[in-house]
Every structure is written in structure tokens, then in C-alpha cells.
Amino acid sequence: MSKSSSQTKKLPVAGFFVGIGFLITAGALLATGSSVDIPLVDKPMVRAEQIVPGAFRVALTDPPIVNLGTYDQRCNDCHSLFKNERPDDRALTQHTNITLSHGNNDACLNCHDKDNREKLTLRGGKTVGYDHVEKLCAECHGPIYRDWQSGAHGKTIGYWNTDLGEAVKLKCSECHDPHHPAYAPMAPLPGPNTLRMGDQHSGHGELIDSRNPLQRWRLLEEGSTSHDAGHGGDH
Ligand code: HEC
Ligand code: HEC
Ligand code: HEC
Ligand code: HEC
């Protein structure tokens, strides 16, 4: 007889005792448990427009078209008519809606091509269309650009299985405004409303406030907001 077959013989015996233990525990719980009335909490409200999965902003494509108050025009409808010799040297009379807030990157022609406003400028005199804005950003934000290429920065929407449809990687300018690329502060969506989340402690073992629906109910029952009964340890 091998060692393993003698072990398998013991198993049904162990199973019998576990079964008995389970029945005793269940019986005890049924006999002593009092029924409680736990109030339901409101579902957190989320506005649908807060969770739109697509682009954060509408970016220009190639060729870029802008509506400057009156009608849609291409940059060169105007920019082919005149040439600014020292374009960054004075306050602008046109495009006054644009305020640059991009760190040291504070000159229009760091990004816009000096000869053709319908292109973005790259190092070494090369240019790129507005539909490949990431090539421009990559000139100064190499690490983030590589993160974006690999999918660690930004967002890809569409299909995993590209036989079914396109996978679309959002462009830098579909999230960041190139003129002031930092995000404005956003209001957070409500947190999850599960039973054990959202407890807050004073740092002295006291429960000061709670979004946990069970805790709220318990505090109501006790008419107290400041103690920590049945709660193992702080932090
Ligand atoms: C309605 C005409 C008009 C259109 C359309 C227009 N611009 Fe301009 N833009 C101007 C004028 C005029 C100035 C110069 C203002 C000044 O000198 O005070 C200017 C200035 C600029 C400058 C600052 C550098 C410079 O040359 O003075 C940039 C950069 C620029 N435009 C980019 C663009 C881009 C990009 C587009 C298209 C997406 C565009 N503009 C479309 C009229 C236009
Ligand atoms: C960091 C690079 C960068 C700098 C610096 C920059 N731009 Fe732009 N600009 C862009 C890009 C990229 C777009 C396309 C934006 C989009 O797709 O929404 C753009 C769009 C524009 C447009 C067309 C859209 C609009 O908002 O009217 C104008 C006009 C323009 N820039 C003018 C200027 C002027 C004038 C300056 C200097 C005061 C300037 N830009 C500085 C990158 C830059
Ligand atoms: C010519 C170089 C240059 C180019 C091109 C450039 N940036 Fe920047 N960017 C900078 C500099 C410089 C800073 C400021 C870094 C700092 O102050 O720490 C910056 C800062 C940023 C920040 C952080 C802003 C903040 O305040 O937290 C973002 C986001 C950003 N850039 C996005 C972009 C995007 C998107 C593009 C392409 C449309 C772009 N940048 C193109 C030079 C550049
Ligand atoms: C899906 C939206 C999205 C896309 C696409 C995207 N970013 Fe961002 N990026 C963000 C957010 C969100 C932050 C954090 C914003 C903040 O803290 O203000 C950020 C932060 C940054 C920063 C600041 C990083 C830091 O450490 O402070 C830079 C620079 C930047 N992005 C550049 C880029 C460039 C370049 C591209 C394109 C190659 C790009 N982003 C594409 C959403 C995006």
C-alpha cells in the first residue's frame, strides 16, 4: 500500500466533522441572530456627460481650418498675404483669444512653421501636418511620447480585435490644449458606494465620519459620531 492511498481514506472522516461543525454554527447563528433593518443609501448620481469615453477636446486636422468670428478659413487665406519679420516680438492684434501658458515654451514659432502656418515645425527645418501633432510634442517630451506610443500615457479607444474595427489612439491635442496644456482641476466622480469603503479616522482611533452605509447605520443607532466600537485598530 502506498502512502497516498492511506491519506485518501482519511478524507471522508474529516469531511464528516467539517459538515457537523457547519451545521452547529449555522444553527447557532439562526437561533441567536436578531433581524436588523439596514436602511438603503442613495445611489450616487453621475451625469452621463462626465463619463464620455471619447476625446476631451476637438483637435485640428490637416489642413487646419479655423472660424475667426465670421466664417471658416484656412490659415493661409490670411497668412499668404503678409509676412511678419519679427513675429514674436510684439503683442498680437489677431488671435488675441490665445494665451500661452506652456512653461519656457513661450514663442508661437517654436511650434508653428514660420513660412507655412498650415504646418507645425520640427527640428532641422522639417514640418508636419496638424494631424500628426504628436511628432511636434515628441521634440520636447520624448519620454511621454514613448509612453504614449506604448499605451502607458493617453488613451486608446475602439476595438482590441482590429478585425472587427479600428483601434483609435487619441492624439496629444485631443486631450491637451497645446497653448495651455495643463488640465484645469476636475470635479471627481463619486466614489464607490460599497459596504467597507470610505471610513475616515481622526488619527486617535476615532471614527470621525463615514461613508460606509453600515457604519452610518451603526452610528445612528448609537446616537454618536465619535467612537470606534467593533473596529479593529486605527489605520
Ligand atoms: C483672418 C486672417 C487670419 C487667419 C485665418 C489666421 N491668421 Fe494667424 N494671424 C493673422 C494676423 C493678422 C496675424 C498677425 C497679427 C499681428 O501682427 O498683430 C497673425 C498671427 C499669427 C501668429 C503669430 C506669428 C505671426 O506671424 O505674427 C501665428 C503663429 C498664427 N497667426 C497662426 C495661425 C494659424 C495656425 C492659423 C490657422 C489655423 C491662422 N493663424 C489663421 C491673421 C490670420
Ligand atoms: C506648443 C506648441 C505651440 C505654441 C507655442 C503655439 N501654438 Fe498655436 N497651435 C499649436 C497646435 C498643435 C495647434 C492645433 C490645436 C488643435 O489641434 O486644437 C495650434 C493652433 C493654433 C491656432 C488655430 C486654433 C485656434 O485656437 O485659433 C492658432 C490661430 C494658433 N495656434 C496661433 C498661435 C499663436 C498666435 C501662438 C503664439 C502666441 C501659438 N499659436 C503658439 C501649437 C502651438
Ligand atoms: C519646444 C519644446 C516644446 C514643445 C514642442 C512642446 N512642449 Fe510641452 N512643455 C515644454 C516645456 C518647456 C514645458 C514646461 C516644463 C516645466 O515648466 O516644467 C512643457 C510642459 C508641458 C506640459 C505640462 C504642463 C503643466 O503645467 O503641468 C504638458 C501637458 C505639455 N507640455 C504638453 C505638450 C503637448 C501636448 C505638446 C504638443 C502639442 C507639447 N507639450 C509641445 C516644451 C515643449
Ligand atoms: C487621453 C488623454 C491624454 C492624451 C491622449 C495625452 N495626454 Fe498627456 N496627460 C493627460 C493627463 C490627464 C495628464 C495629467 C494632467 C495634469 O496633471 O494636469 C497628462 C500629463 C502630461 C504631461 C505632464 C506630465 C508630468 O509629469 O507633469 C505631459 C508633458 C503630457 N501629458 C504630454 C503629452 C503628450 C506629448 C501626448 C501625446 C504624445 C499626450 N500627453 C497625450 C492626458 C492625456
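Read the numbers this way: they start at 1 and go in the same order the structure lists the ligands and their atoms.
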Taking atom 40 (N) of ligand 1 as the point of reference, which of H79, Q73, H112 owns the nearest heavy atom?
H79
For atom 38 (C) of ligand 4, tell me which residue out of G54, C175, C172 has the closest non-hydrogen atom.
C172
Side chain or backbone of K169 under 4.0 Å from ligand 4, or both, or neither, by non-hydrogen atoms?
neither
Ligand 4-proximal atoms of H176, by part, heavy-atom distance under 4.0 Å
side chain
Any N/O/S atom, backbone or side chain, of H102 lying under 2.8 Å from atom 8 (Fe) of ligand 3?
yes
For atom 30 (C) of ligand 3, is there a protein heavy atom at a distance under 4.0 Å?
yes
For ligand 3, is any non-hydrogen atom under 4.0 Å from H141's backbone (N, CA, C, O), its side chain (CB onward), both, or neither?
side chain
Contact (N/O only, under 3.5 Å) between N104 and ligand 3:
no
How about C78: does one of its N, O or S atoms come closer than 2.8 Å to atom 8 (Fe) of ligand 1?
no
Nearest protein heavy atom to atom 16 (C) of ligand 3: under 4.0 Å?
no
Could you check which of E118, R74, K83, R117 puts a non-hydrogen atom nearest to atom 28 (C) of ligand 1?
R117
At a 4.0 Å cut-off, with the gap strictly under it, does some heavy atom of D77 reach an atom of ligand 1?
no
Which protein non-hydrogen atom lies closest to atom 36 (C) of ligand 3, naming both residue and atom, and how far is it?
C137 SG, 2.8 Å
Which is it for Y183 and ligand 4 at heavy atoms under 4.0 Å: side chain, backbone, both or neither?
both
If you scan the protein for heavy atoms around atom 2 (C) of ligand 3, do you find one that is closer than 4.0 Å?
yes
Can you name the atoms of ligand 3, numbered from 1 with element, that are less than 4.0 Å from a heavy atom of G103?
14 (C)
H95 N/O/S atom closer than 2.8 Å to atom 8 (Fe) of ligand 1:
yes
